[in-house]
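Per chain, numbering begins at 1; letters A, B, ... match sequence-line order.
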Amino acid sequence: MARPSSRWTDLHVRRLFWRAGFGATDKEATHFAKRGKQATLNWIVNGGKGPSMVGPAPTVDGHTLDPTNEWGHDVLWWLDRMVRSQRPLVEKMTLFWHDHFATRDQDRPLMLRQNKMLRGRALGPFPTLLKAVTLDPAMQMFLSLADSDKEAPNENYARELMELFTLGKGYSEHDIREAARALTGFQTHWTRGGDFGGITYEPDNHDPGMKKIFHKRGRFDWHDVVALVTQHPNHAPFLVEKLWAYFVTEPLDRRTRTRLVHVYRSSGLKIKPLVAAILAHPKLYAKLDSPEMVKSPVVFVTGALRSTHRYIDDDNWSWLLDNMGQYPFEPPSVAGWDWGPAWLNTNTARARFTAVNYLVQHPPLKVDDKSISPELSADEHLAMALEAVGNPWISKSTESSLKAMVSRLSQGAKSWEIQSRADMTQRALRHLLLSGPDAQLH
Amino acid sequence: MPNAHRACDDFRSTSESRRRSFLDTPLSRRQVIGRGLGAGLAVYAAKAMPIARILEAASAEAAVAPNAPVVVAVFLPGGCDLLDTIVPVGQYGRYADLRPSVKIDAPLPLGSTGLGVNPQLTGIKDLFEAGKIGLMPGIDYANPDLSHFHSRHFWETGLITPDQATGWLGRWLDHGGSQDNPLQGVSMDYSLSPVLRSGSAPVAAVSSPDGAQFWIPGMWGTAFDRAMETWTQISSARPAAPGPAAAHAAARQAKAVADILAPYQKDDKGNDPLKGTITYPDGDLSERLQVLAGLLSLPLGIRVATVDANGDFDTHDNQAKELSDGLAEVSGALAAFQADIEARGVADRVLTLVWSEFGRRPEQNDSGGTDHGAGGIAWVQGTRVAGGVLTDYPDLNRFDSEDNLNVTVDFRRVYCSVLEQWLGTDAAQVIPNAGAFGRLQLVR
């Protein structure tokens with residue numbers, strides 16, 4: 001068995017870029033392999049100089065996107081950010097928070113506003129993020145915090161705040177009811193036309209009485225509730241475990257857990273140092289030659305677009321993502337999506353295969369008729385296809401099966417079929433490299 | 001991930017309305033993909049299955065017991081309110097006090113039962129009057145947990161446990177089902193309902209009409225077939241780690257499914273071999289039930305099926321509208337489904353159980369809605385169910401210590417009754433301590 005390598009190779013870069021973002025292009029992999037681990041992590045965590053997005057702006061049928069009004073354009077808008085971002089970790093963390101603070105069924109402008117809010121606070125202090133989430137109109141309306149008042153406190157937000165957003169366990173039904181009282185006071189306003197007109201805090205609607213939460217007594221309000229849940233002993237381990245599982249497939253051992261909890265608490269509950277510590281952890285780089293994390297549909301699509309230098313130029317990605325089981329801005333419930341192997345079943349596997357059709361039938365991946373020389377060897381064919389799709393990882397057995405396919409596709413071809421078989425061979429290789437089992441893992 | 005509710009999954013299915021936009025996509029290829037049973041099929045099996053022989057196993061199973069009874073479990077996600085769904089006409093004054101702004105002004109009376117239904121439930125009312133509905137108001141369990149995820153998990157598993165567990169119908173298949181036929185338990189969805197999660201028995205998810213077939217642009221004939229043989233080859237590995245295992249199994253089985261379902265596609269003229277004579281109202285629940293009715297009429301050995309309603313019954317706000325919309329879809333779809341299976345001559349084999357994870361608080365909140373409560377609503381539907389009101393309606397003058405309705409029937413009593421009276425199983429094999437729950441006469 002080889003000793004664990006302390007070297008920093010393009011394989012390390014590719015792993016880090018997949019987990020912290022949406023994969024590395026060939027150029028990125030080469031560049032950051034030379035710069036070393038610290039410089040790469042620094043670029044990932046803090047960003048580099050230069051523009052935050054590169055590449056052509058998104059279009060559909062030649063027109064700019066209309067995320068508020070056109071079905072699916074909200075998804076395309078975010079997908080484009082992920083594809084072109086030079087701060088991939090910020091987008092990946094925005095996706096994390098969208099899953100964590102899952103909100104659905106709300107008007108597009110409010111969801112886009114929430115997305116901007118999450119992005120702006122994705123790596124900052126958690127209490128700041130949680131305050132912004134608590135004030136967020138889409139969230140307030142989704143979990144009925146808006147218009148919950150002292151006469152009839154609505155418990156929906158208080159419950160999910162503890163169960164899903166901060167603690168997981170370690171609170172009682174009584175704590176939820178008291179927190180719901182403390183969270184009262186927000187009121188929605190509507191315009192004459194029936195449009196959303198903002199949410200204000202109305203002290204008259206707030207229950208100013210004594211409450212008892214987590215065995216502490218006080219005339220608590222919403223600020224206090226945010227402080228109480230983030231200071232609760234269960235909060236730090238809860239968030240550490242969830243973030244670890246987002247980035248790393250290896251189990252979180254007790255010592256690392258203790259250390260990460262310390263990193264998080266001693267920073268004053270800042271997200272960035274915690275994420276940075278996870279991204280630097282050797283376990284993130286385990287099994288570089290046999291990745292075990294299943295790409296989420298958004299990561300799968302974004303990664304394929306990035307690695308093939310394709311930009312958003314049609315609107316099919318939206319329904320394709322829906323068929324794959326991850327439609328951003330509409331998570332299945334307040335608990336977010338079920339990640340990991342659960343992404344894959346026969347339906348979603350076929351949806352991913354179909355998505356690749358939309359990659360290979362357009363430039364730059366499209367193989368034009370009569371463009372491939374029938375003289376290419378199996379090695380040359382495969383090298384050409386790998387190059388076209390960004391040189392992704394494939395297993396040794398996949399490699400030999402694909403080479404065998406090259407010769408099988410040329411067998412028995414009539415003289416008038418030789419050219420079209422050469423074209424089809426290259427089409428099949430590009431497709432299977434992007435759609436096969438290896439391509440589902442990172 | 002990382003999700004606190006891994007054991008409980010989501011409580012609402014992913015939006016089917018989004019998926020439907022696929023059907024509207026002007027894609028020439030779609031016409032040849034076909035729909036019919038050519039739906040996607042996801043198979044969940046604990047052991048390696050000869051998946052290419054699913055239909056053989058299914059028809060063999062069906063041949064053994066062509067008249068085997070079927071349970072269809074329809075889930076109303078979010079916690080359906082009892083009071084505004086089945087209205088306590090006999091306690092109307094008290095009801096109106098509790099629900100000043102969300103009460104139902106003109107419930108449709110159900111004979112002399114002292115109850116009325118939400119005006120959107122016309123289809124359900126007709127079925128009730130035909131003796132095909134057995135209502136179970138006040139259903140829940142003792143000391144209810146008001147978390148969606150916990151309560152849903154208890155109902156799904158038939159166990160009051162925070163732990164990961166098999167679904168109650170999946171567990172029934174483990175005891176009394178086939179080890180070879182995944183179609184014995186089907187979720188009409190893209191993924192499996194936790195109700196059907198099994199230990200050893202294979203089960204499946206059948207999504208809404210959508211092609212199961214594979215194609216690659218610019219490839220055809222022998223070259224395409226050989227490329228797909230390579231697909232089969234590269235997905236044939238069986239790695240141990242869960243992620244790689246899932247990636248290979250899904251790829252392998254998706255292709256096998258495409259092959260076995262190919263004959264069930266719509267024909268070139270768009271004729272759907274599964275379509276019946278009944279017209280359903282528009283809506284996702286209707287679409288799912290319509291495909292299910294078609295499948296039930298084929299010899300596939302289906303014994304249990306799950307269907308999720310689309311509506312959101314978590315009516316914290318604006319209950320008057322949200323609940324009406326949800327109930328309208330449920331009523332129209334279930335009435336059409338009942339008519340459809342009757343027209344196909346399979347209705348005497350089918351018992352439909354409609355459930356939701358909890359009821360709602362009797363006193364409305366100030367958002368024009370109701371918060372999570374206890375004592376909900378479920379019903380059984382079918383040509384052979386005991387029609388009527390099968391449980392006591394909760395007394396609106398006596399609440400529990402949390403100001404919730406008193407529970408009048410434990411859902412596990414219903415499960416035990418279904419298992420024994422309909423599926424002919426000793427309930428103790430599926431529900432621990434089954435003797436303690438008593439029974440309701442659900443079948444006539």
Side-chain angles (χ1 to χ4, degrees), chain A residues 71 99 105 144 147-149 151-152 154-156 159 163-164 168 241-242 245-246 249 290 292-294 319 322-323 325 327 330 332-333 335-336 338-341 344-350 353 357 360-361 367 397-398 401-402 405 408-409 412 421 423-424 427-428 431-432 436-437 440-441, chain B residues 1-6 8-15 18-19 21-22 25 40-43 146-147 149 190-191 205 207 212 214-219 222-223 226-227 230-231 233-235 237 241-248 250-251 253-254 257-258 312 316-317 365-367 369 371-372:
Chain A
W71 183 85
D99 176 77
D105 292 336
S144 315
D147 301 322
S148 170
D149 70 14
E151 302 302 330
N154 191 309
E155 293 161 15
N156 208 3
R159 183 181 304 282
E163 185 174 349
L164 295 173
E241 284 170 14
K242 190 161 175 180
Y246 188 63
T249 44
S290 55
E292 292 187 350
M293 188 180 281
V294 175
W319 65 261
D322 197 9
N323 283 10
Y327 190 86
E330 294 292 342
S333 80
D338 209 359
W339 293 62
L344 291 170
N345 60 45
T346 52
N347 283 324
T348 56
R350 196 180 49 78
F353 188 98
N357 285 350
V360 299
Q361 67 190 0
V367 174
S397 70
T398 298
S401 294
L402 292 178
M405 181 181 77
R408 283 185 30 82
L409 255 69
R421 288 285 181 90
D423 299 335
M424 285 198 263
R427 287 173 191 144
H431 197 295
L432 299 191
Q440 312 309 325
L441 302 165
Chain B
M1 161 166 332
N3 162 339
H5 296 298
R6 182 173 275 298
C8 306
D9 277 349
D10 53 26
F11 74 95
R12 271 186 268 190
S13 57
T14 307
S15 160
R18 299 301 191 205
R19 294 190 184 111
S21 73
F22 177 24
T25 306
L41 174 72
V43 170
L146 303 188
S147 153
F149 312 100
Y190 266 62
S191 57
S207 69
F214 286 77
W215 55 281
I216 295 177
M219 291 200 68
T222 311
R226 288 180 184 168
T230 302
W231 171 267
Q233 206 179 348
I234 61 177
S235 53
H248 286 82
Q253 296 183 350
V257 162
D312 179 6
H316 287 279
D317 317 86
N365 63 25
D366 270 11
S367 322
D371 292 327
H372 302 182

Most heavy-atom pairs under 4.5 angstrom with chain A, which of [options]?
options                                : value
B:Leu146, B:Asn365, B:Thr222           : B:Leu146
B:Pro242, B:Ser367, B:Ala247, B:Ala227 : B:Ala247
B:Ala241, B:Ala251, B:Gly369, B:Ala246 : B:Ala246

Of the listed residues ([options]), which shares the most heavy-atom pairs with chain B below a 4.5 Å separation?
options                                : result
A:Asp423, A:Asn156, A:Leu432, A:Val367 : A:Asn156
A:Gln440, A:Met424, A:Glu155           : A:Met424
A:Thr398, A:Val360, A:Thr249           : A:Thr398

What's the shortest heavy-atom distance between [X] and [Y], and which atoms?
X        : Y        : result
A:Gly436 : B:Trp231 : CA-CZ3, 3.6 Å
A:Ser144 : B:His316 : OG-CB, 3.0 Å
A:Arg159 : B:Ser147 : NH1-N, 4.0 Å
A:Ser401 : B:Thr230 : O-CG2, 3.9 Å

Contacting region of [X] [heavy-atom separation from chain B under 4.5 Å]:
X        : answer
A:Leu344 : both
A:Arg408 : both
A:Ser397 : neither
A:Met405 : both
A:Asn154 : both

_chain A contact via B:Asp371 - which portion, at a heavy-atom distance below 4.5 Å_ =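 Side chain only.
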*For the residue pair B:Asp366 and A:Asp147, establish whether any side-chain heavy-atom pair is separated by less than 4.5 Å.*
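Not touching, per the 4.5 Å side-chain cut-off.
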_Quick one, A:His431 and B:Met219 - any side-chain contact, counting heavy atoms below 4.5 Å?_
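Heavy-atom side-chain distance check fails, nothing below 4.5 Å.
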